[in-house]
Student: 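Got a structure here, written out as structure tokens. Questions coming.
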Amino acid sequence: MAFPAPKPKKPELPKKLVQNLECKQGAVRAVRFNVDGNYCLTCGSDKSLKLWNPHKGTLLKTYSGHGYEVLDAAGSFDNSQLCSCGADKTVVLWDVASGQVIRKFRGHAGKVNCVQFNEEATVILSGSIDSSVRCWDCRSRRPDPIQILDEAKDGVSSLKVSDYEILSGSVDGRVRRYDLRAGELYSDYIGSPVTSVCFSKDGQCTLAASLDSTLRLLDKDTGELLGEYTGHKNTAYKLDCCLSEKDTHVASCSEDGKVYFWDLVEGSLMLSLPVGRGVVQSLSFHPSEPGLLTATEGHVQFWREESHMVEKQPPGC
């Protein structure tokens, strides 16, 4: 006799604070998990970039080389390199181990808001308030970009890359998706300045946050509006949004010091997580577990699910 399979556990949301990192780099403009979720990067208004182990709360390295505040960063798939961008109009490629600058890419006419590696970490893509997305070859010595995507009519605020697609959000109120295999551009009009975009984990949907305090879930292929999520406050700042590790929940920063979670399918508000007094500017969801990083003012918080057991450090560690 076959027993029925046990009902899958309901996904847990990260609401237990396990680490509070005092970053000491001015205001933290962005926090980003690395590819496997073991480390994270923080971008500071003091021009520095820092690498942490958020599980232990330890600072591993500080990267200095930007001339103005750092606005975004990303790690390569093999964790050997970092890229970062900032208000000094540059994109910087770093060697993780040595902390040295490998290359500086100049060409944007204004501050660079967002940066991403492609899957093989051979190309860096950057989006700027100069309304362009630029693609830089990490391996050649060419100073100019290998491609410029200049369809946006206003600043590019957010950028995500899949194996063959580039997703960008712009202040002109549009989400643009470049299909590199088909050589096609798809554009969806949101109507309010877009501050953050991301793909769902299954690659079927895109999520966009905009300055009308609304998140929108779009069908990637048709552009159909699948869901709207409201309740948070986002009218003035560029704030992050994301999907949980299993695509079950939508999460967003908010200007009222909280992070909001909605059920992806029902659209109902599941949790408002009080993080701090100021604006929660950035968040990053763990790639495979219910873990969340949040950045507010000069601090980064690491949240886990209620059932998570914190590893006790042996004395003398």
Side-chain angles (χ1 to χ4, degrees), residues 7-14 32-37 74 77 114 116-120 123 125 127 133 149 151-152 156-170 173-192 194-210 212 214-232 234 239-253 259-271 283-292:
K7 277 180 80 171
K9 281 199 311 190
K10 285 193 81 167
E12 287 191 88
L13 290 173
R32 303 284 179 250
F33 269 116
N34 74 325
V35 177
D36 54 21
F77 70 98
C114 44
Q116 290 270 293
F117 279 111
N118 68 338
E119 293 232 339
E120 298 81 34
V123 176
L125 297 100
V133 173
L149 308 172
E151 285 75 17
V156 176
S157 58
S158 182
L159 191 63
K160 292 291 183 291
V161 182
S162 74
D163 50 357
Y164 64 94
E165 293 167 306
I166 301 167
L167 185 69
S168 73
S170 169
R174 286 188 180 272
V175 175
R176 291 176 175 84
R177 180 170 63 88
Y178 299 86
D179 185 322
L180 304 177
R181 289 193 302 203
E184 300 275 350
L185 165 62
Y186 302 91
S187 176
D188 293 303
Y189 186 57
I190 300 291
S192 176
V194 178
T195 61
S196 180
V197 292
C198 61
F199 290 108
S200 59
K201 301 283 184 297
D202 64 9
Q204 303 296 308
C205 308
T206 58
L207 181 69
S210 51
D212 56 359
T214 307
L215 303 180
R216 291 173 177 85
L217 187 72
L218 305 172
D219 183 288
K220 195 180 78 175
D221 294 325
T222 66
E224 180 190 350
L225 182 64
L226 301 175
E228 287 193 347
Y229 310 92
T230 55
H232 65 302
N234 185 9
L239 304 183
D240 289 338
C241 66
C242 68
L243 289 143
S244 63
E245 87 284 8
K246 290 193 173 79
D247 278 347
T248 53
H249 292 86
V250 170
S252 173
C253 297
V259 168
Y260 287 75
F261 286 93
W262 296 266
D263 183 283
L264 176 95
V265 179
E266 295 171 7
S268 51
L269 184 64
M270 304 300 287
L271 172 68
L283 54 74
S284 184
F285 215 96
H286 192 285
S288 57
E289 297 172 1
L292 179 76

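In what follows, residues are counted from 1 in the order of the sequence shown.
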Student: Any side-chain to backbone donor/acceptor pair from Ser157 onto Gly169? Under 3.5 Å, distance only.
Tutor: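 Here the side-chain-to-backbone pair exists.
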Student: Could you go through Tyr178 and Glu184, starting from their C-alpha distance and side-chain angles, then the distance that decides it, and tell me whether this counts as side-chain hydrogen bond (donor to acceptor under 3.5 Å, both in side chains)?
Tutor: CA-CA 6 Å; Tyr178 299 86; Glu184 300 275 350; over 6 Å; no
Student: Would you check if the side chain of Asp247 reaches a backbone N or O of Lys201 as a donor-acceptor pair within less than 3.5 Å?
Tutor: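 Yes.
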Student: Rounded to the nearest 0.5 Å, what separates atom CD1 in Ile190 from atom OG in Ser210?
Tutor: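 Result: 6.0 Å between the selected atoms.
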Student: I'd like to know if the side chain of Ser284 and the backbone of Phe33 have a donor-acceptor N/O pair within less than 3.5 Å.
Tutor: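 Such a contact is found between Ser284 side chain and Phe33 backbone.
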Student: To check you understand the geometry: which heavy-atom pair defines the closest contact between Leu225 and Glu228, and what is its length?
Tutor: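 Nearest heavy atoms, Leu225 then Glu228: CD2-OE2, 3.4 Å.
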Student: Mind listing the closest non-hydrogen atom pair of Ser158 and Val197 along with its distance?
Tutor: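 Reported closest heavy-atom pair: OG-N, 3.0 Å.
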Student: Once you round to the nearest 0.5 Å, how far does CG of Asp240 lie from OG of Ser252?
Tutor: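 Those atoms lie 8.5 Å apart.
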Student: Does Gly203 offer a backbone N or O that forms a donor-acceptor pair with the side chain of Lys220 under 3.5 Å?
Tutor: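 A pair under 3.5 Å: yes.
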Student: Below 4.0 angstrom, N of the basic side chain to O of the carboxylate: do Asp163 and Arg181 qualify?
Tutor: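 Looking at Arg181 together with Asp163, the answer is no, because their closest N to O distance does not fall below 4.0 Å.
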Student: Is the side chain of Asp219 donor-acceptor paired with the backbone N or O of Glu224 at a distance under 3.5 Å, no angle test?
Tutor: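 It does not hold such a pair.
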Student: To the nearest 0.5 Å, what is the distance between OG (Ser200) and CG (Leu264)?
Tutor: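 Those atoms lie 8.0 Å apart.
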Student: Mark yes or no for whether Ser244, through its side chain, and Thr248, through its backbone, hold a donor-acceptor pair below 3.5 Å.
Tutor: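 Judged by distance alone, yes, a pair lies under 3.5 Å.
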Student: On a heavy-atom basis, which atom in Val175 and which in Leu167 lie closest, and how many Å separate them?
Tutor: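 Looking at all heavy atoms of both residues, the shortest contact is CG1-CD1, 3.7 Å.
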Student: Once you measure the plane-to-plane angle for His232 and Tyr260, does it fall in the parallel (<30°), tilted (30-60°) or perpendicular (>60°) bin?
Tutor: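 It falls in the tilted class, 30° to 60°.
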Student: What class does the angle between the rings of Trp262 and Tyr229 fall in, given that below 30° is parallel, 30 to 60° is tilted and above 60° is perpendicular?
Tutor: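 Tilted, since the angle between the ring planes falls between 30° and 60°.
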Student: Side chain of Ser168, backbone of Leu159: donor and acceptor closer than 3.5 Å?
Tutor: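 Answer holds: no.
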Student: Side chain to side chain contact (heavy atoms under 4.5 Å, CB included) between Glu289 and Glu245: does it pass, once the steps are laid out?
Tutor: CA-CA 6 Å; Glu289 297 172 1; Glu245 87 284 8; 5.6 Å; no
Student: Which heavy atom of Arg177 sits nearest a heavy atom of Phe199, and at what distance?
Tutor: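 Looks like CD-CE2, 4.3 Å.
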Student: So, does Ser162 use its side chain to make a donor-acceptor pair with the main chain of Glu165 at under 3.5 Å?
Tutor: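 Yes; at least one donor-acceptor contact below 3.5 Å.
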